[in-house]
Amino acid sequence: MLSALFDELLRRHGDRVAVSDGETTLTYRELADAVRSARLPIPAVERPRVGLCAGNSTAYVVRYLALLHAGCVPFLIDRATGPQDLDAIVADCGLDLLLHEENVTTFTPHQRPDLHADTEVCRFTSGSTGRPSCIEFSGHAVHRAAVNWVDGTKLTGDDRIACFATLANGLAFNTSLLAAFLVGAQLHLGRGLPTAGRVARMLDGCGATRLVGFPALYESLVRRGQRSLGALRLAISSAAPLSPEVKAAFTELTGVPVHNYYGAAEAGPLTFATEPLTDPGLGRPLPGVSLRAGTPGEPAPIEVRSESMGTRYLNAPGLLESRLTDDGHYRTGDLGYLDGGSLVLTGRTSHMVNVGGRKVDAVEVASVLRDAPGVEDAVVLEVADRHGAPALGAVLAGSPDATEVRRYAATRLAPHQVPALVRTVPLIPRGSTGKPATAQLRRMFETTS
Amino acid sequence: MSQPDDLRARIVRIVVESAEGDLSEQDLVAAGGSLPGVSYSSLSLIRMIDAVENQLGVYLDPDSDSARFETIDSLVELVSENLCVSQ
């Protein structure tokens, strides 16, 4: 259904600007032409599985739509995925083809796990299985995520969205791609590092009314003391909580409110703070979302059901289903409560940590570190870096060289999974139950300045 | 205008102070001035570019000049060129 839906939208919005990356700008009509004339080396198999692993560009959007148009199932893979994870994705999901920025790799899959009959798009989340989990989405789920985002955030055809999150990421995929096209808005794609200088230039150049980005982008704008952001009316921060100080400083500088939202890779966008100056948390549930959490003073695991839920994990049969309650609510792994209807997060129920907007599986990283030269044991945890920002920390037991261990990790993990801070000890301190003494470990990273 | 040695010392200080992890000037020297060699993270890079832009008044584009962000030598050269242009 997505291919037919996009065809109809591209026809409907004709000569309006659809997408731009600073170098190339395409109207909806030009985008339709580019999709029709795209030449991709698609293998002659049923429902070809094609990985798309590239940064933001108009070419990315053309390829995504061309794949849907050709009856393929696009697998949207974060460009920062490490080599080991990428190999695992190709093998586990039975990919036939992988499209990078400039090259193409074809495969003859050894195994081809069955795709669900309704699956039209697959995306990935840092798995708790030690490798990325591939989430299957129906066209209906992708469509409803966009419809509910448009309704819940009042997106209109007059909006110009500047999106600095990569399109493989749930934030960008759900808030910017189909959502923008549904209403005929303009999608301006930011590429590369979101430094304040380049963000400000882009916003000024395209007259963006909405900005979508991770906390690092807002922190950069605040550090630079950026006051003028053109026509910007609304800013959206997600993936990791924006610190209240940065949020307040950004609004004070620019006059633009930052709207928090909460989403889960498996369930899509879930909440949106329509009144960011007074909202105590991440906002109220979006249309079509049922959300359960604790009460103030008594946080509880957050459970959600939405119209944009993933169907299952292609490469981990039964796992997603095991995280559903009897009435179909997904356990997100976050803890929180509702304050006057707005969701407030208080922590995690699992060992996934959120560093700079990317979820990192602490167990997976620790397991890689344990194989590094000189390391006998390892614990990975979220700590504060010397700027007070969340960072990935590792405590290593044995007699390792910390620099060597980080180099070793960099060859096996994605850059954001490599611990920024490393401490070494003769033995990992553990409590009576054998669990690492987290509070004691965390104190090792406290700065004295 | 800064003399090259002054500029270099300033940039080394900014690089070290902007690092997300523990990084000293000695670590940088031991890695031959290579930022990938000390596993300089993208978050550190954003902070470093902000600091260079704030303190030296130049605009740096990390993508069009990406290779020039890999060593202290090439970074000093890049900043130096931009300083000349902006003056």
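In what follows, chains are A, B, ... by sequence order, proteins preceding strands, each numbered from 1.
- Looking at B:R47 and A:D385, a side-chain N of the basic residue comes within less than 4.0 Å of a carboxylate O on the acidic one, giving a salt bridge.
- Contact count against chain A (heavy-atom pairs under 4.5 Å) is highest for B:A19 among B:S41, B:A19, B:S44, B:P62.
- If you measure heavy-atom distances from B:D22 to chain A, the contacts under 4.5 Å come from both the backbone and the side chain.
- For B:I46, the parts sitting under 4.5 Å from any heavy atom of chain A are the backbone and the side chain alike.
- Put simply, OH on B:Y59 and CZ on A:R198 are 5.5 Å apart, with the number rounded to the nearest 0.5 Å.
- Under 3.5 Å, the side chains of B:N54 and A:R224 contain a donor-acceptor pair of N or O atoms.
- Put simply, CG on A:L193 and CG on B:L60 are 11.5 Å apart, with the number rounded to the nearest 0.5 Å.
- Your options are A:A196, A:G192, A:S220, A:A216, and the one with the most heavy-atom pairs under 4.5 Å with chain B is A:S220.
- When the heavy atoms of residues 33-40 of chain B are compared with those of chain A, the residues falling under 4.5 Å are B:G37, B:V38, B:S39, listed by number.
- At distances below 3.5 Å, at least one donor-acceptor pair connects side-chain atoms of A:H387 with backbone N or O atoms of B:E17.
- Closest approach of B:E20 and A:P390 over heavy atoms only: OE2-O, 4.2 Å.
- Considering only residues two or more places apart in sequence or on other chains, A:T58 meets the side chain to side chain donor-acceptor pair (under 3.5 Å) condition with A:D21.
- Neither the backbone nor the side chain of B:A51 has a heavy atom closer than 4.5 Å to any heavy atom of chain A.
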